[in-house]
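These numbers were taken from a predicted model, which means no experiment stands behind them. Below, each value reflects all heavy atoms present in this structure, side chains not excepted, and no hydrogens, waters or symmetry copies.
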Amino acid sequence: MNWRRLPVWRPHAWLAANGGWRHLGVLFLAGAVSALAMAPLHVWPALALGLCVMVWSLDGARRQPRRTLAAFLRGFVFAFGYFLAGTYWIAFAFVTRGEGYAALVPLAVPAFAALLALFWGLAGILYVWIAQRSPWRVLTFAVILTLTEWLRGHLFGGLPWNLPAYAWPAGGAVSQSAAWFGVYGLTLLTVFILSAPAAALRVRRGRVSHIGPALAGLGIGLILVFSGAMRLSGPDAGFQPDVRLRLVHPDIAQRAKWAPGGAERTRDRYLELTGREGLANVTHVIWPEGALPIFMLEDDRTLGLLGQQLQNGQTLISGINRRAVTAQGGYTYHNALVAMRFPGGSPRVDSLYDKVRLTPFSEIVPLSGLLEAIGLGEFARYQFTPGPGASVLEVPGAPVVMPLICYEAIFPGFVGSVVDRPAWLLNISNDAWFGVTSGPQQHFNQARYRSIETGLPMVRSAARGVSGVVDPLGRTLVRIPPGTDGVHDVNLPRPLGVPPYGWWGDAPVWIVMLAVLAGVMFLRRRSLARRTPMQP
């Protein structure tokens, strides 16, 4: 056996020279391994290895007779493995919902991963069309992948889940660059840093050369680490005076809520935890998204019991399901957050927010008309109505707050869309759908990046998820893991000043990406002009 010909010694050459199902199998495996870079493990070298494999594979796509199709398939298959391994936990939502929905898992989970992978397939096509045969092609690769990831986060409602930037734990040194460039800027830097070694291995001789991009990636990485460490070494912002929050965190399974008698048992458990010792020192009680499986604002029994507990001007901030009567006499349903007090034992709503970004196939069903036409209207029967837009709420006894319900916290543009700057972020979520998986951990890590980008602290209340308090630098001050049961009384951190990203948003990232693409296109045209013979 010629050991020098084994792909483990010359992966670049093997991937460039071979195709077929074995090649696609390697790509799928590399994508799946890359998912180890996401929370809770954050094994970023796995993503570095995967991105290098993807670059080498796309380089080989140029040699294929149908290079556009080859490029799409290679980018798609890699990303399919990446998203399938990184979002497997979606299956638990179907299982939790019931046996009729569990049967959809073999179709729904791969279809979801395939939908996200389409954008990486597009990235493969653009790379093969645009990138030069140069060591610096990895910069073009980073720009193109960031561009398609931006599209994934914005088109058709967007789903920017598990962006490459999230390989870095929020609150760490590298994550602090999001205060300057946001998560898409950090994605650009991350992809370049981790894929740069791909340019240092030559095709023919299998030796290290062309180390310019690798050295540049190393230099940028060191800058991110040291600048982030300096930012973290600054003074703390401190805490808001006279604000004491009680996070109510019961360990109640989703099925138990909706079982016969589950509504009463769930309500009693929340009330029991809310009334525990120390309530007199609390100014605000926080319940997570969809805490009770009832329309709480219409339930006099529940409101009366709350009025008996919260009689000292204390405010309940809770996720609720609510319905509103339409002009036609029907109902619209909303996933909402309410802030209410109980003067004299009677409920008074001070603020109300309806969730804007609804979760596809859970709160809103795309193509619901098509589902009804093919006899699957049952899955599209109950849908929520989105609220009018992001907003900042006035909450008695606390600074103004921006509510984020569930996965609204993963959209940087949504958090930055309000005109009036809040003093803190409140993210409520119901992660009980996903069991003890990596999903709630990923959700928490991504939400914490919004604090880095805005300089605002975040309080998070997640049913069977990760709850706690995050400071304006994304560091976790209080962490309540899934599976725990109890209450936690916490202080509210103060905000920092507006970080640079709060002023210029994604504009610098777009300037860099457009400049790189313009430069590459200019070099391509000049190269083609040199190859074209002069006409007599």
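Counting only residues at least two apart or on different chains, the side-chain hydrogen bond (donor to acceptor under 3.5 Å, both in side chains) pairs with a member in residues 235-248 are D236-R475, R244-N491, R246-D489. Sorted by first and then second residue, the pairs that involve residues 392-420 and meet ring-ring contact (aromatic ring centres under 6.0 Å, His included), not counting sequence neighbours, are Y407-F411. Residue pairs meeting the side-chain hydrogen bond (donor to acceptor under 3.5 Å, both in side chains) criterion with at least one member in residues 313-323, sequence neighbours excluded, are E298-R323, R322-D354. Screening residues 274-294 for ring-ring contact (aromatic ring centres under 6.0 Å, His included), with sequence neighbours left out, gives Y270-W287. Residue pairs meeting the ring-ring contact (aromatic ring centres under 6.0 Å, His included) criterion with at least one partner in residues 448-502, sequence neighbours excluded, are Y166-Y449.
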Inset, instruction - Take V470 and L477 through the side chain to side chain contact (heavy atoms under 4.5 Å, CB included) test and state the conclusion after the steps. - result: CA-CA 6 Å; V470 178; L477 303 181; over 6 Å; no
Inset, instruction - Kindly determine whether V401 and Y353 satisfy side chain to side chain contact (heavy atoms under 4.5 Å, CB included), including the steps that lead there. - result: CA-CA 11 Å; V401 59; Y353 167 76; over 6 Å; no
Legend entry - Test log, rule side-chain hydrogen bond (donor to acceptor under 3.5 Å, both in side chains), inputs N430 and Q254: CA-CA 9 Å; N430 182 8; Q254 191 68 12; 3.2 Å; yes
Inset, instruction - Test R450 against V183 for side chain to side chain contact (heavy atoms under 4.5 Å, CB included), laying out the working first. - result: CA-CA 9 Å; R450 306 294 83 80; V183 73; 3.9 Å; yes
Inset, instruction - Carefully, step by step, assess V349 and L297 under the rule side chain to side chain contact (heavy atoms under 4.5 Å, CB included). - result: CA-CA 9 Å; V349 173; L297 296 183; 4.3 Å; yes
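Put simply, the side chain of Q442 never gets that close to the backbone of G439: no donor and acceptor are under 3.5 Å apart. One N or O on the side chain of S451 and one on the backbone of L456 form a donor-acceptor pair closer than 3.5 Å. With hydrogens and angles disregarded, a donor-acceptor distance shorter than 3.5 Å links the side chain of R255 to the backbone of T96. The main-chain N or O of D299 is never found under 3.5 Å from a side-chain atom of T302 such that the two would form a donor-acceptor pair. Side chain of H154 to backbone of W150: a donor-acceptor contact under 3.5 angstrom is found. Using modelled atom types, no side-chain atom of T484 and backbone atom of I480 make a donor-acceptor pair closer than 3.5 Å. Using a distance-only test at 3.5 Å, with no hydrogens or angles considered, a donor-acceptor pair links the side chain of R460 to the main chain of V466. At least one donor-acceptor pair closer than 3.5 Å links the side chain of T148 to the backbone N or O of I144. One N or O on the side chain of Q311 and one on the backbone of G307 form a donor-acceptor pair closer than 3.5 Å. Here the side chain of Q441 pairs no donor or acceptor atom with the backbone of T437 at under 3.5 angstrom.
Under the ring pair (Phe, Tyr, Trp, His ring centres under 6.0 Å) criterion, W258 pairs with no residue, sequence neighbours left out. Residues forming a ring pair (Phe, Tyr, Trp, His ring centres under 6.0 Å) with W168 (at least two apart in sequence, or on another chain): W44. Remark: R341 engages D350 in a salt bridge (charged side-chain N to carboxylate O under 4.0 Å, His left out) (not counting sequence neighbours). Checked against ring pair (Phe, Tyr, Trp, His ring centres under 6.0 Å), F342 has no partners two or more places apart in sequence or in another chain. The salt bridge (charged side-chain N to carboxylate O under 4.0 Å, His left out) check on R464 picks up D251, with sequence neighbours excluded. Among residues two or more places apart in sequence or in another chain, the side chain to side chain donor-acceptor pair (under 3.5 Å) test is passed with Y184 by none.
Between G465 and P440 the shortest heavy-atom distance is CA-CB, 4.2 Å. For I320 against M296, the heavy-atom pair with the smallest separation is CG2-CE, 3.5 Å. Summarising the geometry of N427 relative to I405, their closest heavy-atom pair is ND2-C, 4.3 Å, with the distance given to 0.1 Å. Contact record, L84 with A113: N-CB, 3.7 Å, taken as the closest heavy-atom pair. When all heavy atoms of R265 and P260 are compared, the pair lying nearest together is NH2-O, 3.1 Å.
Applying the side chain to side chain contact (heavy atoms under 4.5 Å, CB included) test between S177 and each of T190, I452, L186 identifies L186 as the sole match.
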Check: residues 385-396 side-chain donor-acceptor pairs under 3.5 Å, at least two apart:
none

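With a 4.5 Å cut-off on side-chain heavy atoms, M513 and I511 do not count as touching. Using a 4.5 Å heavy-atom threshold, the side chains of D485 and L273 count as touching. In this structure the side chain of L473 reaches within 4.5 angstrom of the side chain of L496, judged on heavy atoms. When side chains are defined from C-beta on, V415 does not count as touching E453, because their heavy atoms never get closer than 4.5 Å. Within the 4.5 Å cutoff, side-chain heavy atoms of W120 are placed close to those of F78.
Salt-bridge check for E363 with K355: passed, with a basic side-chain N closer than 4.0 Å to an acidic carboxylate O. A salt bridge does not link E264 to R267: none of the charged side-chain nitrogens sits closer than 4.0 Å to a carboxylate oxygen.
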